[in-house]
Protein chains: 2
Amino acid sequence: MKRTTNQRKAIRDVFSQTDRPLSTEEVHAAAQRHLPRIGIATVYRTLKLLLGEGWLTAVRLPGEPPRYELAGKPHHHHFHCRACGRVYEVPGNAELLDSILPAGFTLDSHDLMLCGRCAQCSGRPG
Amino acid sequence: MKRTTNQRKAIRDVFSQTDRPLSTEEVHAAAQRHLPRIGIATVYRTLKLLLGEGWLTAVRLPGEPPRYELAGKPHHHHFHCRACGRVYEVPGNAELLDSILPAGFTLDSHDLMLCGRCAQCSGRPG
DNA sequence: ACCATAATGATAATGAACAGCCATTGCCTT
DNA sequence: AAGGCAATGGCTGTTCATTATCATTATGGT
């Protein structure tokens with residue numbers, strides 16, 4: 001039987017109140033602001049749970065642990081800031097890639113990851 | 001002093017004779033065809049060396065170890081076959097993303113990863 | 001050819017992300 | 001309100017890619 005706990009509510013709230021994909025650690029830190037004793041194991045378990053019920057989707061990026069965001073959003077791409085490490089959403093045109101696929105290949109999905117500095121970090125040194 | 005060994009020559013040959021990014025294991029297997037006693041540690045060391053001198057570039061993909069390819073190739077994207085795990089090159093139109101960047105963001109690089117089944121695996125079950 | 005030493009290869013050690021364990025907590029049905 | 005049991009939290013264990021270690025091999029300047 002699935003139960004509604006304060007920890008799970010807190011983690012759902014974190015995602016409802018943000019507009020960018022969050023890593024496990026970011027979720028943990030954000031949830032701890034409301035539930036200081038929440039453990040990292042619970043965050044891992046709850047993220048897996050929310051993935052399983054299709055409430056979250058994973059945003060996987062190379063060489064880093066996955067981020068998670070609310071499922072069902074309109075098509076968009078992601079921008080990874082190499083200064084602060086945060087991942088942002090950017091609007092996406094989805095029809096760009098139909099023509100470039102070699103013969104015989106079957107396309108399931110695609111992922112466009114942009115890399116640079118976000119507005120907040122563009123003005124800073126480093 | 002840097003020495004030219006048979007192992008390093010073999011690894012360079014592997015990349016000169018292929019047209020898709022190779023994982024460490026793929027490089028090891030290919031090099032072993034000519035040098036059966038080559039160790040995986042040497043492959044790791046040599047890949048790092050060739051990266052350092054700019055002869056190779058890394059192709060990083062989410063949740064998997066990086067692939068490597070010859071540096072200096074014309075702009076292209078990558079296709080990851082979810083059946084056989086191989087990564088292929090696909091021709092790239094580079095001007096796809098000029099318009100979609102939010103104000104204040106600085107773009108350093110981008111990476112378009114396509115995911116599906118390659119020509120070889122498209123006909124097979126699974 | 002000689003030999004200092006760079007490079008190799010087998011294996012142990014590391015590091016990071018995540019899962020398992022288990023005593024304790026607290027949700028929810030009755 | 002009470003207790004069965006799902007869920008939690010602190011921890012250890014696992015997994016996997018990669019790196020360190022070290023005795024041995026082999027390259028290249030002399």
Side-chain angles (χ1 to χ4, degrees), chain A residues 1-15 21-53 55-69 80 82 85-87 113, chain B residues 1-15 21-53 55-69 78 80 82 84-87 113:
Chain A
M1 176 209 324
K2 198 174 64 176
R3 295 178 182 177
T4 304
T5 64
N6 288 327
Q7 289 87 339
R8 289 177 182 175
K9 272 182 287 194
I11 289 175
R12 283 187 130 101
D13 284 350
V14 166
F15 283 103
L22 301 176
S23 67
T24 306
E25 282 302 335
E26 284 175 326
V27 173
H28 188 212
Q32 272 184 327
R33 281 179 221 125
H34 292 281
L35 286 174
R37 296 194 50 73
I38 191 171
I40 188 67
T42 299
V43 177
Y44 275 108
R45 280 186 292 241
T46 304
L47 290 180
K48 179 182 283 192
L49 187 76
L50 296 175
L51 269 180
E53 43 178 72
W55 196 79
L56 288 179
T57 55
V59 178
R60 295 153 45 103
L61 49 160
E64 302 226 356
R67 313 298 207 275
Y68 302 92
E69 66 183 2
H80 185 204
R82 63 175 165 77
R86 283 189 289 233
V87 174
M113 180 65 62
Chain B
M1 175 212 320
K2 197 173 66 175
R3 294 180 182 176
T4 304
T5 64
N6 289 327
Q7 290 87 340
R8 290 176 180 174
K9 273 181 285 193
I11 289 174
R12 284 187 129 102
D13 285 348
V14 166
F15 283 104
L22 300 175
S23 67
T24 307
E25 283 302 336
E26 285 174 326
V27 173
H28 187 211
Q32 272 184 327
R33 281 179 221 126
H34 291 282
L35 285 175
R37 296 193 50 73
I38 192 172
I40 188 67
T42 298
V43 177
Y44 275 106
R45 280 186 291 240
T46 304
L47 290 179
K48 180 182 282 190
L49 187 77
L50 296 175
L51 269 179
E53 40 179 73
W55 197 78
L56 287 179
T57 56
V59 179
R60 295 152 43 105
L61 48 161
E64 302 225 358
R67 313 301 207 270
Y68 301 92
E69 66 182 3
H78 295 110
H80 184 205
R82 63 174 165 79
C84 66
R86 283 190 288 236
V87 174
M113 181 65 65

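A, B, ... follow the sequence lines: proteins, then strands. Residue 1 opens every chain. Since the structure is predicted, the reported quantities are computational estimates derived from the model, not experimental observations.
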**Item:** Candidate nucleotides D:dT8, D:dA20, D:dG10, ranked by approach to the side chain of A:T42 - the nearest
**Value:** D:dT8

**Prompt:** Separation of B:L51 atom CG from D:dT19 atom P, in whole Å?
**Reply:** 10 Å

**Asked** Quick one: A:E64 CD to C:dG15 C1', roughly how many Å, whole number?
**Response** 15 Å

**Complete:** Rounded to 10°, the angle between the first-five-pair and last-five-pair axes of the helix from C:dA1-D:dT30 to C:dT30-D:dA1 is 40°

**Prompt:** Between the base of D:dG9 and the side chain of A:R45, is there any donor-acceptor pair under 3.5 Å?
**Reply:** yes

**Message:** Is it the case that the base of D:dG10 and the side chain of A:R37 share a donor-acceptor contact (distance under 3.5 Å, atom types as modelled)?
**Reply:** no

**Message:** Using a 3.5 Å distance criterion without hydrogens, assess whether the side chain of B:R60 forms a donor-acceptor pair with backbone atoms of B:P66.
**Reply:** no

**Item:** Contact check, side chains of A:Y68 and A:V59, non-hydrogen atoms, under 4.5 Å
**Value:** no

**B:R67 side chain reached by B:H80 side chain, heavy atoms, under 4.5 Å** = yes

**Item:** From CA spacing to verdict: side-chain contact (heavy atoms from CB on, under 4.5 Å), A:V87, A:E64
**Value:** CA-CA 11 Å; A:V87 174; A:E64 302 226 356; over 6 Å; no

**Asked** Can you name the nearest heavy-atom pair linking A:V27 to A:V43, along with the distance?
**Response** CG1-CG1, 3.8 Å

**Message:** Applying a 4.0 Å non-hydrogen cut-off, can you work out what B:I40 is touching in the nucleic acid: base, sugar-phosphate, or nothing?
**Reply:** nothing

**Complete:** Rounded to whole Å, the CG-P distance (B:L35 to C:dA7) equals 16 Å

**Item:** Any donor-acceptor pair under 3.5 Å from A:Q32 side chain to A:A29 backbone
**Value:** no

**Asked** Which residue lies toward the 5' end of DNA chain D, A:L49 or B:Y44, if each is placed at its nearest nucleotide?
**Response** A:L49

**Item:** Proximity to the side chain of B:P65 - top-ranked nucleotide from D:dG9, C:dG9, D:dT18
**Value:** D:dT18

**Request:** Look at the side chain of B:H28 and the backbone N and O of B:I38, then say whether any donor-acceptor pair between them is shorter than 3.5 Å.
**Result:** yes

**Complete:** Tightest non-hydrogen contact, residues A:L51 and A:A58, listed as CD2-N, 3.8 Å

**Item:** Interatomic distance where CZ belongs to A:R60 and P belongs to C:dA17 [whole Å]
**Value:** 15 Å

**Check ion pair A:E53-A:R12 (N to O, under 4.0 angstrom)** = yes

**Item:** Phosphate OP1/OP2 of D:dT19 contacted by B:K48 side-chain N/O (<4.0 Å)
**Value:** yes

**Message:** Between C1' on C:dT8 and CD on B:Q32, what's the gap in Å once rounded to a whole number?
**Reply:** 14 Å

**Item:** Strand contacts (DNA chain C) in residues 2-15 of chain B, 4.0 angstrom heavy-atom criterion
**Value:** B:K2, B:R3, B:T5, B:Q7, B:R8

